[in-house]
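All figures in this text were calculated on a predicted structure; none of them were measured in a lab. Positions are given from 1, in the same order as the sequence printed here.
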Amino acid sequence: MTIPVVWSPETRRHEPMREVWVGVPTEGTEVPARVDRILEALRAHDAVEATPHDDDVLTRVHDPAYVEHLRTIHAEWIAGPYDQLVGQDRVVPYVFPTPAMTQGMTPTQAAATHGRAGAFCYDTMTLVGPGTWEAARAAVDCALTAVDLVTSRRSSGVETRAAYALCRPPGHHVTSQGYGGSCYLNNAAVAAQALLDASHGRVAVVDLDAHHGNGTQAIFWERDDVRYGSLHVDPAAGWFPHYFGHATETGAGAGEGATRNLPLAEGTGDGPWLEGVRDLAAFAGGADALVVSLGVDAAADDPESPLQVTADGYAAAGALLGSLGLPTVAVQEGGYHLDTIGGLVAAYLDGHDHPAAG
Ligand SMILES: [Zn+2]
């Protein structure tokens with residue numbers, strides 16, 4: 001039996017069209033075709049369509065005010081003058097109430113939609129369009145349905161040990177307060193919280209995406225019930241998310257020691273990358289359940305990162321994490337090279353399913 005694939009046609013509805021990077025509109029790479037390329041490569045797996053879940057877990061991971069903002073902001077934008085006036089049908093913030101502006105004071109909510117657009121957002125490259133909310137919310141349902149599969153016995157009486165959630169858009173850059181990094185809702189954090197609720201034990205999140213999952217780290221920063229370990233290109237070498245992802249960040253308060261970051265040099269390939277995966281597998285080993293933030297943008301062909309991991313590397317990573325024998329939900333994060341993305345995901349899942357072969 002192969003690892004089931006949980007997906008939703010709704011996840012195709014988000015069309016980034018463009019990102020605004022250093023002030024310049026560039027073509028978005030987090031495109032709906034990613035869903036179809038991955039589905040094609042996973043034809044041999046059981047496909048399970050996601051079932052709707054309520055907002056209970058979602059609003060414990062994210063501030064309810066943020067969730068409501070994301071749900072409504074595009075309709076407000078379209079009701080405003082922006083499309084007619086400047087031809088902008090995507091929500092693009094231009095002012096951000098960061099500490100640079102607020103200096104400890106509590107800001108009053110902006111009256112204008114274009115003012116409010118930056119209230120729960122931290123970059124200019126993550127635009128909200130028609131269908132963004134529907135796709136992001138469906139991705140959360142994919143993650144929660146995958147959790148259902150590994151925590152409840154199916155009618156056959158056989159418990160699925162691992163499930164894969166084909167989440168799009170990805171989520172690991174989203175904090176409890178807002179979005180960025182082409183992510184809108186933190187699917188991995190939702191999965192971790194739901195696994196925690198189901199098993200009443202401890203959960204580990206291992207993040208294999210090429211970029212640091214600053215959002216997931218932030219959400220669990222002060223908690224000791226969810227460990228977060230990440231392997232990514234070094235932000236000190238100039239890579240997104242720039243401000244977080246350094247080895248010195250280990251958590252705070254009750255969460256001190258529950259965060260582990262392994263930044264890697266540009267050009268890192270399978271050998272040192274798998275050493276890092278081995279380290280994070282040990283870090284996750286004491287948990288009762290595992291979430292894998294399965295970004296495949298660490299692969300050599302990917303346009304968004306300088307890491308040089310191969311499909312064999314991803315298969316070996318799957319074998320290392322699969323050998324933990326934990327109930328596991330693998331959540332799709334990044335991966336932008338359309339010709340190889342599906343094969344990379346398939347390689348990881350095959351490795352995870354056959355740990356002895358690794
Ligand atoms: Zn990434």
To the nearest 0.5 Å, how far apart are [atom1] in [X] and [atom2] in [Y]?
X      : Y      : atom1 : atom2 : result
Tyr164 : Thr328 : OH    : OG1   : 14.5 Å
Ile341 : Asp302 : CD1   : CG    : 8.0 Å
His352 : Ile3   : NE2   : CD1   : 5.0 Å

Does the side chain of Phe220 reach to within under 4.5 Å of the side chain of Arg227, using non-hydrogen atoms?
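Not touching, per the 4.5 Å side-chain cut-off.
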
Does Tyr348 share a hydrophobic cluster with Leu274, counting links as ILVMFWY side-chain heavy atoms below 4.5 Å and allowing steps through other members?
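Yes: a chain of side-chain contacts under 4.5 Å links Tyr348 to Leu274.
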
With the 4.5 Å side-chain cut-off for hydrophobic clustering, are Tyr122 and Val92 part of the same group?
no

Where do [X] and [Y] come nearest, in terms of heavy atoms and distance?
X      : Y      : answer
Cys142 : Leu166 : SG-O, 4.1 Å
Ala191 : Val329 : CB-CG1, 4.3 Å
Thr102 : Pro107 : CG2-CG, 3.9 Å
Val48  : Leu149 : CG2-CD1, 4.3 Å

Which residue is it: Arg260, Glu249, His172? I am looking for the one with a side chain to side chain donor-acceptor pair (under 3.5 Å) to Gln217.
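One option only clears the test, and that one is Glu249.
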
Between His173 and Phe240, is the gap from one ring center to the other below 6.0 Å?
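They qualify: ring centres under 6.0 Å apart.
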
Checking salt bridge (charged side-chain N to carboxylate O under 4.0 Å, His left out) for the pair Arg161/Asp353: CA distance, chi angles, key distance, verdict?
CA-CA 9 Å; Arg161 291 298 282 175; Asp353 216 14; over 6 Å; no

Between the side chains of Arg202 and Asp224, is the shortest nitrogen-to-carboxylate-oxygen separation below 4.0 Å, so that they form an ion pair?
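Looking at Asp224 and Arg202, the cut-off is not met.
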
